[in-house]
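Report on the structure given below.
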2 protein chains.
Amino acid sequence: MRLVIANCSIDYAGRLSAHLPLARRLLMVKNDGSLLVHSDGGSYKPLNWMSPPCTLAVAEPDERQREAGVVELWKVTHQKTADMLIVSIHDIEHDSRHELGVDPGLQKDGVEAHLQKLLAEQIERLGEGYSLVRREYMTAIGPVDILARDGSGASVAVELKRRGDIDGVEQLTRYLELMNRDPLLAPVTGVFAAQEIKPQARTLAEDRGIRCVLLDYDEMRGIDDGHSRLF
Amino acid sequence: MRLVIANCSIDYAGRLSAHLPLARRLLMVKNDGSLLVHSDGGSYKPLNWMSPPCTLAVAEPDERQREAGVVELWKVTHQKTADMLIVSIHDIEHDSRHELGVDPGLQKDGVEAHLQKLLAEQIERLGEGYSLVRREYMTAIGPVDILARDGSGASVAVELKRRGDIDGVEQLTRYLELMNRDPLLAPVTGVFAAQEIKPQARTLAEDRGIRCVLLDYDEMRGIDDGHSRLF
DNA sequence: TGCTAAATTTCGCCG
DNA sequence: CGGCGAAGTTTAGCA
């Protein structure tokens, strides 16, 4: 990600035409080439933007533009739609680059995060003698929703979903493969827990020795009594 | 605006509950206290955010959090809705502040910016002998949409709107008052041009000696033939 | 992959 | 200021 604070004016031509007069703004260039133009107010919506897939090209300002004070021209063009965003930069106050990596992404929820908390508290739902190690157990490829131990003390990795789909099984499989290479954890077994598990996902999971557990959200919330919160 | 690049995890509790696992992200704190959390991909929508009006408070992590690697805690709370966003910062890579000032705002348009270009090209629509001086003529209180000269060489300030309302007349009035104090420009007359002019706006404009001109977008575009673009 | 409907929607217009 | 509807909508779920 590249962050630029600059005096700039902006023209957009695409599904509509729009213009931003000269002012100091934040230009956020994401790794995929997409651009967001933010002011110091308003909501989360940028003043203007270009969605991926798109490419940013830096052009030389022509003489007329240079006379007008333009020192750099950015042309951001969309691959398919031919939308174009032109940033006329007059003055750069700040310019920095940062490696952010791929984001693990939002665990959104009217349910899922809560479900995770509930299952952590009611870990015995997975079986007699189960105990919680921790939620969001970090691995090199991302956090495992819940790490637990079964009655015999063996590690159990739990993948939690509201709707249990193939993707979730694949995800858990990757975690298990990685964790079973760690002698301190191995052997690690897997539990795929969800409110609803698609037949395909169940078949795949059981074929890989992953146990499927259906969770009753209302019942779990009933026990929890709803008094507790995330904080 | 404050820009922070940090390793952080984020919890949101409000209209829903959501969690962002630990990862490197951009935290954008706007002047109104609102917060945007961006990753290096996706669209213009942040991973998470808090809309204004809200306040950001920095808290000390407790012992358990400190052990988990949290060096700073941000609590962003919404004034009315009691929504809360908690940013657990593990590591700050970058932290900078920037004064951006108030943004003049987007001149959006399926029409207006295009209309401005078209009228600039077809300035004779305002009357015999009219000539364009320039679009976006800058004044101390903002840019006048179009500055032109009439057949006699007198300055004409044009305010352009899609829907001509009282506000537009007031705006043009302010420009006219300012410009008429400039001996190089004065006397400056005003033209209020729009696709549609509200009766109240027309009355006010004509009362102030401002001429109203109705623009036919399709007709103007027809003459322009659609071959030209903003660039 | 294409559609359908919700969104922590945001934004603008109209009363 | 509240309601209604569109958005360069975006996003998520489902066939």
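Chain A is the first sequence line, chain B the second, and so forth, proteins listed ahead of strands; every chain is numbered from 1.
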[X]-[Y] side chain donor-acceptor pair, cut-off 3.5 Å:
X        : Y        : value
A:Glu136 : A:Gln116 : yes
B:Tyr137 : B:Asp145 : no
B:Gln171 : B:Arg174 : no
A:Arg162 : A:Gln195 : no
A:His94  : A:Ser96  : yes

Interface polar pairs with nucleotides 1-5 of chain C, N/O, under 3.5 angstrom:
none

Handout entry: Shortest non-hydrogen contact between A:Arg125 and A:Leu119, atoms and distance
Key =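 Of all heavy-atom pairs spanning A:Arg125 and A:Leu119, the closest is CB-CD1, 4.3 Å.
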
Tell me: [atom1] of [X] to [atom2] of [N], nearest whole Å?
X       : N      : atom1 : atom2 : value
B:Leu16 : D:dA12 : CG    : P     : 11 Å
B:Leu36 : C:dT10 : CG    : P     : 11 Å
A:His78 : D:dT9  : NE2   : P     : 11 Å
A:Leu47 : C:dT10 : CG    : C1'   : 13 Å

Exercise for the section: Describe the nucleic acid contact of B:Met50 in one word from base, sugar-phosphate, nothing, applying a heavy-atom distance below 4.0 Å. Expected result: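 Since no nucleic acid heavy atom lies under 4.0 Å of B:Met50, the category is nothing.
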
Practice task
Remember a base hit wins even if backbone is also touched, and classify B:Ser51 as base, sugar-phosphate or nothing at under 4.0 Å, heavy atoms.
Solution key: sugar-phosphate

Practice task
May I ask you to decide whether B:Arg208 forms a salt bridge with B:Glu206, counting only side-chain N to carboxylate O separations under 4.0 Å?
Solution key: no

Problem - Charged N-O contact under 4.0 Å between A:Asp103 and B:Arg24 - result: no

Handout entry: Side chain of A:Lys45 - closest among D:dT10, C:dC11, C:dT9
Key = C:dC11

Practice task
List the steps, then state whether salt bridge (charged side-chain N to carboxylate O under 4.0 Å, His left out) holds for A:Lys30 with A:Asp32.
Solution key: CA-CA 5 Å; A:Lys30 292 194 173 185; A:Asp32 51 15; over 6 Å; no

Grab the N/O contacts between the protein and nucleotides 13-15 of chain D below 3.5 Å, and write none if there aren't any.
residue	atom	partner	partner atom	Å
D:dG13	OP1	A:Arg162	NH2	3.4
D:dC14	OP2	A:Arg163	NE	2.4
D:dC14	OP2	A:Arg163	NH1	3.4
D:dC14	OP2	A:Arg163	NH2	2.8

Exercise for the section: Check whether any side-chain nitrogen or oxygen of B:Trp49 sits under 4.0 Å from OP1 or OP2 of C:dT10, and answer yes or no. Expected result: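 Yes, B:Trp49 has a side-chain N/O under 4.0 Å of OP1/OP2 on C:dT10.
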
Completion exercise
Of B:Leu106 and B:Pro46, the one whose closest nucleotide on DNA chain C sits nearer the 5' end is B:Pro46

